[in-house]
Amino acid sequence: MRIFSGIQPTGKLHIGNYVGAIKQWLELQLKHKCLFCIVDLHAITIPYDPKNFQEVIFQKAVEYLACGINPEKSIIFVQSYVKEHTELTWLLNTITPMGDLSRMTQFKEKSKQFKKIVGAGLFNYPILMAADILLYQTDIVPVGKDQQQHVELARTLARAFNRKFGKTFRVPELMLPKLGAKIMSLQNPKQKMSKSIPRSCLFLVDEPNVIREKIMTAVTDPGKEIVYDLKRKPGISNLLTIYSLFSEMPIKKLEEDFKGRGYKELKKSLVKVLVQSLEPIRRKRKELLKREVYVQEVLNQGAKKAQVIAQSTMTEVRKKMGLV
Ligand code: TYM
């Protein structure tokens with residue numbers, strides 16, 4: 001099966017990105033043909049700094065590798081290196097209803113956040129994402145919950161294109177993690193952990209003292225009991241989810257272990273788990289930062305391999321649309 005997923009280069013990876021996307025990727029790359037993309041063209045739909053943009057992209061490649069994405073097994077590449085993404089986006093534009101785009105939750109949220117400068121790029125963002133996915137005849141798209149609506153649009157567009165021009169695209173399936181599809185903010189457990197609010201995040205590169213500070217001050221709920229209950233105890237439920245995902249211990253077992261113990265003990269223990277689990281990523285990242293030539297070579301080779309698949313799909317698409 002073919003797997004495709006991507007992450008925007010701007011902002012450091014947080015544990016939500018790790019659990020929602022990368023943790024799934026690490027398992028999938030053992031068995032399937034995977035493409036993992038750094039989606040730079042998505043990142044420029046909101047304000048960004050062109051001067052350090054190449055550095056930001058390089059940092060994201062380092063983070064992918066530090067997490068254990070293996071370039072021997074998976075194709076790691078930068079979206080803009082493969083021009084077919086923009087070509088397919090334009091072609092899919094022509095069959096995308098405006099109504100579908102205006103219903104997108106992420107568009108509504110971001111256009112509120114960047115009120116003065118809502119560009120057409122932000123509106124058309126989900127079409128570029130559909131192009132990313134369909135270009136590689138993807139079977140499965142492993143993402144977090146916030147991307148579900150976008151993957152559904154990709155499915156809709158694949159079906160619409162196939163109906164109109166004849167069978168061309170595979171219809172991709174969404175893959176959400178069973179636990180952790182939506183990690184919540186440490187400061188407000190009713191909101192998603194999001195890099196646009198750095199205070200809400202625990203970053204993979206955070207040093208042990210920062211991890212301690214962020215977890216010990218994480219917002220919890222009234223009462224003392226340590227139970228998983230999203231309605232009554234969203235803060236504790238979020239911490240239990242994170243604990244379970246990084247310790248591989250089921251939530252039920254954690255509830256038993258922490259029975260009669262306070263929130264502070266849970267937090268202290270979680271700090272230990274996180275410091276230990278994230279240490280190898282931090283260490284590997286520091287090593288990779290010194291290997292610029294190697295990282296750039298991974299991206300160049302990745303783009304070459306991705307392009308072969310992309311070009312083959314585009315030959316078919318152009319033919320079907322009467323463009324050759
Ligand atoms: P991005 O860069 O915002 O997020 C990257 C991945 O992290 C997941 N994620 C979370 N998962 C759980 N809890 C959270 N709090 C959390 N926050 C983020 C996201 O669901 C995502 O899987 N548009 C996409 C990137 C993209 C893409 C694609 C993904 C572009 N083309 C094609 C898949 C296929 C985005 O902005 O993700």
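Atoms within a ligand are numbered from 1 in the order they appear, just like the ligands themselves. Computation of the quantities below employed the complete heavy-atom set of this structure, encompassing side-chain atoms and omitting hydrogens, waters and symmetry-equivalent molecules.
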Relative to ligand 1, is Val39 under 4.0 angstrom through side chain, backbone, both or neither, heavy atoms considered? side chain
Numbered atoms of ligand 1 (with element) below 4.0 Å of Ala181, judged on heavy atoms: 11 (N), 12 (C), 13 (N)
Below 4.0 Å, non-hydrogen atoms only: which portion of Lys182 touches ligand 1? Side chain, backbone, both or neither. backbone
heavy-atom search around atom 32 (C) of ligand 1 in the protein gives Phe4 CE2, 3.5 Å
Examine the proximity of ligand 1 to Val19 and report which part, side chain or backbone, both or neither, has a heavy atom under 4.0 Å away. neither
Any sub-3.5 Å donor-acceptor pair from Asp139's side-chain atoms to Pro172's backbone N or O? no
Could you check whether Phe123 and Phe107 have their ring centres less than 6.0 Å apart? yes
For atom 11 (N) of ligand 1, closest protein heavy-atom neighbour: Gly16 O, 3.1 Å
Heavy-atom pairs closer than 4.0 Å: do any link ligand 1 to the side chain of Gln79, the backbone, both, or neither? neither
Once you restrict to heavy atoms under 4.0 Å, what part of Met184 touches ligand 1? Side chain, backbone, both or neither. neither
How far is atom 37 (O) of ligand 1 from the closest protein heavy atom, and which atom is that? Gln147 NE2, 3.7 Å
We want to know whether Arg103 and Gln149 form a side-chain donor-acceptor pair, criterion being a heavy-atom distance below 3.5 angstrom. no
In this structure, is the centre-to-centre distance between the rings of Phe169 and Tyr136 below 6.0 Å? no
Under a 4.0 Å heavy-atom limit, does Val141 contact ligand 1 with its side chain, its backbone, both, or neither? side chain
Got the closest protein heavy atom to atom 9 (N) of ligand 1, with its distance? Asn17 ND2, 3.8 Å
Side-chain donor-acceptor pair present, Gln106, Asp146, cut-off under 3.5 Å: no
Rounded to the nearest 0.5 Å, what separates atom NZ in Lys60 from atom CG in Leu13? 4.5 Å
